[in-house]
Amino acid sequence: MAVDKQTVEQLAELARIAISEETVDEVGKRLGNVLQLVDQLQSVHTEGVAPMAHPLDEVQVLRPDAVTEPDQREAFQELAPQAEQGLYLVPKVID
Amino acid sequence: MHQLTIAEIIRGLREREFSSVEITRQLLTRIEQLDGDLNSFITTTPEQALQQAGAADQRLAAGDAPLLCGVPIAHKDIFCTHGVRTSCGSKMLDNFVPPYDAHVVEQLQAAGAVSLGKTNMDEFAMGSSNETSFYGPVKNPWNPEHVPGGSSGGSAAAVAAQLVPGATATDTGGSIRQPAALTGTTGLKPTYGRVSRWGMIAFASSLDQGGPIARTAEDVAHLLTAMAGHDRRDSTSLDRPVPDFAASLNDDIRGLRIGVPKEYFSEGLNAEAAARVQDALKEYERLGAQLVEISLPHTHLAVPAYYVIAPAEASANLSRFDGVRYGYRCENPADLRDLYMRSRGEGFGEEVKRRILVGAYALSAGYYDAYYNKAQQVRRLIKQDFVQAFEQVDVVMGPTAPNPAFRLNEKTDDPVAMYLEDIYTISANLAGLPAMSLPCGQAGGLPVGLQIIGNYLDEGRMLNAAHQFQQATDWHRATAPFAQAAGEQ
Amino acid sequence: MEWEVVIGLEVHVQLATESKLFSGASTRFGAAPNTQACAIDLAMPGTLPVPNKEAFRHAVMFGLAMNAEIGRRSVFERKNYFYPDLPKGYQTTQLAEPIVGPGEIEIHLEDGSSRKVRLHHAHLEEDAGKSLHEDFHGMSGIDLNRAGTPLIEIVSEPDLRSAAEAVAYLKKLHSIVTYLGISDGDMSQGSMRCDANVSVRLKGEKELGTRTEIKNVNSFRFVERAIKVEAERQIDLLEDGGTVTQETRLYDADKNETRSMRSKEVANDYRYFPCPDLLPVELSEDYIEQLRGELPELPDAKSARFASEYGLSAYDADQLTQERVLADYFETVAGKSGEPKLAANWMMGELAALLNREEKSIDQSPVSAEQLAGLIARIVDGTISSKIAKQVFEAMANGEGDADTVIEQRGLKQVSDTGAIEQMIDEVIAGSAKQVENYRNADEAKRPKMMGYFVGQVMKASKGQANPQMINKILKDKLDALL
């Protein structure tokens, strides 16, 4: 029931989470256990049941179009691991 | 003074029996002396607390004090606090000091409460034992070899240990109610949308709800009255009037129809815990309530549905933690991919990573219908069970958790066993219903919780029922050995 | 073998709202980096989105203008991928339940034909920030000012059959969004961006060929060139027995070629799901009808009106209504001068040439609508000839003031004095004995053509200021008198 290594690596890539070579099997096994639990869902018929993304049947309230946010760049960039000239820095982005 | 409830503190402050500075100082000292063993706080803010307490005393003297003025509380470290580190129990946010407050924090501040600090929690609220915190596990004040439950284990343990009379918490699948049950405290998860999620770090947005943990239903009512309210910054916040939840505490509960779901007493429930819950139900009958056996036939699917929906939402909610704008960044990233992979690989703990991967799996091409969509359909079936039940009954009651507090490390190697600890609490989150836990006895020297699930926006009636039970019983007054021993020091 | 090119366009249009789609930060262009990125735009922990009502109003107006179905209920979803300009790690967009459903518009081609293009749908979504590649010690800088700016993505069916059609469609969209005032449509600032899906197939074939997607082509001219060159590449490939690979390609304007974008090749699985922080948006019938009532006159309707009201040709009417400001300019000139046809001719002739030469748009025109109307009035009342009018126009373009001022200062007033003209004609006839002789000996049929010489000479003598109708009449009388 364990999730195979290749799938674990694909998921890790999608989620951008490094998983060490030594723990891949363990992660796969545990994911497998969770999926086994989740597979119980297949035991019930749900044909015609509308999926429910929100617990309450409320609708969205829209906001008036107004600028309400002042510039707080300095406060925000104090939190940044690396920022310069008002920009957040990351390793080179290649297009 | 640390034994006082919030209601007693409100009275004492107004009658000048003590000042806010005095009680705040005493609790801060108690935290300093005792919390090293308990580990219920991640951060304390003594200077800020004493400053707030001083200001509160002035307002009290001036006679224009709001209800909670001068009352010490603590915030779960999932609520953003302006200028105070907010870690969410994670290495990822170990250095994160928000430049803004959560709505809940603003509301309690406006009500005059004094914050002593930030309580420990499972990392990103993912856990049922408080063992996934980057800051180490919290001990259960009833027995330090046992867990306090999670994810709001720090808030529950601090209240049970009488380090603070009340604390904020959050509940995505039982994270208020289960730790309340395991520590003998009273905690309430409101109707989804009652309490704004603004500034509350998201785990699973359609399930998360903030609420209070305290020692009595009356205290919970006071805290909830302050915390609840519409907030335009949260699109899912309900624009409904917030009553004074304390106003209906003494209503007559004779004739109250209590639904008892047979599925909540099936195999897997600890026998002693089951007996305590049955005793509580008998007490309600004595108080004039009427027990009605009901069925919630999809109960067994709540945990599987939850472990699709919650990880799916979490997998996206936690993508923002990428080491670019705030939070943990790995050393010397080789390139952009390496920055992401290692910052997230090193910044998140094992349980968080596992849930993100499960979520990515459930949403990925080819599995969406079988997992995510199916779980959302099952979610509707679960909600419909309750809608039907509430046509016949006023509240639903049963156990909060299948077992009293388990031992530290007992379930850490078996995530699925851990997940099943939330079997009775998860349904209320999926359906968005309000639910609470209050102590109703003990099993093997550890507290047992009674769960009350109410209809939408019916928190007042639940608190009324809980308060009436607490007027007739003493379980909520039982003091954890840790608090007792420490009190004698 | 005859090949057919099949094109579908995905066009992103930035909406002209004051604030962002989900936050109250400003959308103004050109601010210092990250000064318009608030806590929500930065995806700070615990922050939540609240959608902008005006963005929905814009999207609905667009849908109505496209004769499209309006989603009474629309749902935001999360599109998950990691990129430094995407702070949340997902883009909030719409997929299964978009705000604008299927629709249809008509495009007009240069040969005068027109065809219908089907709209698949259009949805609301948030824009990403920008990565700046100037060197910061080998790193890239991220500016999130643009992150969260509202966009509508307009997805066509693969109904376009040539690069020219694609451009006509794009221009039509441009004119609709600017007419509605929902976008400034400025392609140079990225307010309108285009991805083109291109495939080729043998004429008569029913199945679509394998397509490639050309990303981010940001001018009408480049769209045309990129599609042409990509279609040629695919045809060459197929004719050489090769196959087209489904992939994303980038158009290199300098080399006029498309090339594969390897970095985007990693198979992405976007894991869309409904955004749990946002609720379904439901729009009432009343609201939609109210907006329908607020729709301005759109290009097609305006074009039809120009043709009937002003007697313009279909082509002229169409050209003049492509841009709302151009149409407004025309109506001012036509109204003030009372000469719609002349107004159209001048706008599509001299004015278009001037703007083209100076690389200016109509709203930057050095000659105002009032000035052009004044000029036309002087032509009509005979003060100046059409030829002199061109001089006056150039002078107005150089900022020498309105037509009357230029005519006055340069002394360009047309000579309509019969005596003066007769004298000039007499002098020309006297000095052109040979030409007069020829004229007399010529066939009756050839004589009108031969008149040209004398007219030219008289014009020359009058420095172009003599009234040409008068010259013609008097000259003919005088020459015929010599027969």
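Proteins come first, then strands; the chains are lettered A, B, ... in the order of their sequence lines, and each starts at number 1. Source: prediction; values computed, not measured.
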> By a 4.5 Å heavy-atom criterion (distance strictly below it), what part of B:L339 contacts chain A: side chain, backbone, both, or neither?
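Side chain only.
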> OG1/B:T236 to CG/A:L56 distance, rounded to the nearest 0.5 angstrom?
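The CG atom of A:L56 is 8.5 Å from OG1 of B:T236, to the nearest 0.5 Å.
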> Got more than 12 heavy atoms from elsewhere within 6.0 Å of OH, B:Y367?
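Count not over threshold, so no.
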> If you count heavy atoms of other groups shown closer than 6.0 angstrom to CD of A:E84, is the number above 12?
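Above 12, so yes.
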> Suppose the criterion is ring-ring contact (aromatic ring centres under 6.0 Å, His included): which pairs have a residue in residues 29-88 of chain A, not counting sequence neighbours?
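As it turns out, there is no ring-ring contact (aromatic ring centres under 6.0 Å, His included) pair with a partner in residues 29-88 of chain A once direct neighbours are skipped.
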> Provide the closest heavy-atom pair for A:P91 versus B:D335 in the form atom of the first, atom of the second, distance.
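Between these two residues, the closest heavy atoms are CB-C, 3.5 Å.
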> Is a donor on one side and an acceptor on the other found under 3.5 Å between the side chain of B:R379 and the backbone of A:P51?
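No; judged by distance alone, with no hydrogens or angles, the pair does not exist.
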> In Å, rounded to the nearest 0.5 Å, how long is the span from CE of A:M52 to NZ of B:K383?
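NZ of B:K383 is found 5.0 Å from CE of A:M52.
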> Please determine whether the number of non-hydrogen atoms from other residues, nucleotides or ligands lying under 6.0 Å from atom NZ of A:K92 exceeds 12.
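Count over threshold, so yes.
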> Can you tell me how far apart CG (B:L363) and CG (A:L11) are? Round to the nearest 0.5 Å.
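B:L363 CG to A:L11 CG: 11.0 Å, rounded to 0.5 Å.
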> So how far is it from B:Y361 OH to A:Q10 CD, rounded to the nearest 0.5 Å?
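Nearest 0.5 Å value for the OH-CD distance: 10.5 Å.
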> State the CG-OH distance between A:L35 and B:Y307, to the nearest 0.5 angstrom.
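A:L35 atom CG to B:Y307 atom OH measures 13.5 Å (nearest 0.5 Å).
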> Considering only heavy atoms from C-beta outward, does the side chain of A:V34 approach that of B:Y419 to under 4.5 Å?
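When only atoms from C-beta onward are counted, B:Y419 and A:V34 do touch, with a gap below 4.5 Å.
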> Which one wins on heavy-atom pair count under 4.5 Å against chain A: B:A305, B:S205, B:P333?
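So the answer, after comparing B:A305, B:S205, B:P333, is B:A305.
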> With a 3.5 Å distance limit and no angle check, can you tell me whether B:K374 reaches the backbone of A:V44 through a side-chain donor-acceptor pair?
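Present.
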> Can you check whether A:V27's main-chain N or O pairs, donor with acceptor, with B:R354's side chain at less than 3.5 Å?
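Absent.
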> Quick check on B:A431 against chain A: is it the side chain, the backbone, both or neither that has a heavy atom closer than 4.5 Å?
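B:A431 touches chain A through backbone heavy atoms alone.
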> Give a yes or no answer on whether the side chain of B:Q377 reaches the backbone of A:V49 with a donor-acceptor pair at less than 3.5 Å.
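Between the backbone of A:V49 and the side chain of B:Q377 there is a qualifying donor-acceptor contact (under 3.5 Å).
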> Pull out the residues in residues 317-325 of chain B that come under 4.5 Å of chain A, heavy atom to heavy atom, sorted by number.
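Near chain A, by residue number: B:G323, B:V324, B:R325.
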> Which residues from residues 57-67 of chain A are near chain B, with near meaning under 4.5 Å between non-hydrogen atoms?
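Under the 4.5 Å heavy-atom cut-off, A:D57, A:E58, A:Q60 qualify.
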> Taking it one step at a time, do B:R329 and A:V90 satisfy side-chain contact (heavy atoms from CB on, under 4.5 Å)?
CA-CA 10 Å; B:R329 174 184 280 201; A:V90 296; 4.2 Å; yes
> Please determine, among B:A370, B:S364, B:S315, B:G193, the option with the most heavy-atom pairs under 4.5 Å with chain A.
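So the answer, after comparing B:A370, B:S364, B:S315, B:G193, is B:A370.
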> Give the member of A:E78, A:Q72, A:Q77, A:Q42 that has the highest number of heavy-atom pairs under 4.5 Å with chain B.
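Looking at each of A:E78, A:Q72, A:Q77, A:Q42 in turn, A:Q42 comes out on top.
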> Any side-chain to backbone donor/acceptor pair from A:R16 onto B:M341? Under 3.5 Å, distance only.
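Side chain of A:R16 to backbone of B:M341, a donor-acceptor pair under 3.5 Å: no, none is there.
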> Picking from A:A83, A:A53, A:A75, A:A15, which has the most non-hydrogen pairs under 4.5 angstrom with chain B?
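Counting heavy-atom pairs under 4.5 Å, the top option is A:A53.
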> Set out, in order, the CA-CA distance, both residues' side-chain angles and the distance that settles salt bridge (Lys or Arg N to Asp or Glu O under 4.0 Å) for A:R30 and B:D413, then state yes or no.
CA-CA 9 Å; A:R30 292 195 170 193; B:D413 284 336; 3.4 Å; yes
> Could you check whether any side-chain heavy atom of B:P99 comes within less than 4.5 Å of a side-chain heavy atom of A:L79, counting everything from C-beta outward?
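Answer yes - side chains close enough.
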> Quick check: closest heavy atoms across A:P55 and B:Y456, and the distance to 0.1 Å?
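The answer is O-OH, 4.0 Å.
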> Can you measure from CG (B:L357) to CG (A:L14) and round to the nearest 0.5 angstrom?
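The distance works out to 9.5 Å.
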> Most heavy-atom pairs under 4.5 angstrom with chain A, which of B:R232, B:R337, B:R342, B:Q384?
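Answer, by heavy-atom pair count under 4.5 Å with chain A: B:R337.
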> Among residues 17-26 of chain A, which residues come closer than 4.5 Å to chain B, judged by heavy atom distances?
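So far as heavy atoms go, A:I17, A:A18, A:I19 are the residues that approach chain B to under 4.5 Å.
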> Sort A:Q36 into side chain, backbone, both or neither according to what part of it lies under 4.5 angstrom from a heavy atom of chain B.
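For A:Q36, no heavy atom lies under 4.5 Å from chain B.
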> So which part of B:L238 gets closer than 4.5 Å to some heavy atom of chain A, the side chain, the backbone, both or neither?
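Only the side chain of B:L238 comes within 4.5 Å of chain A.
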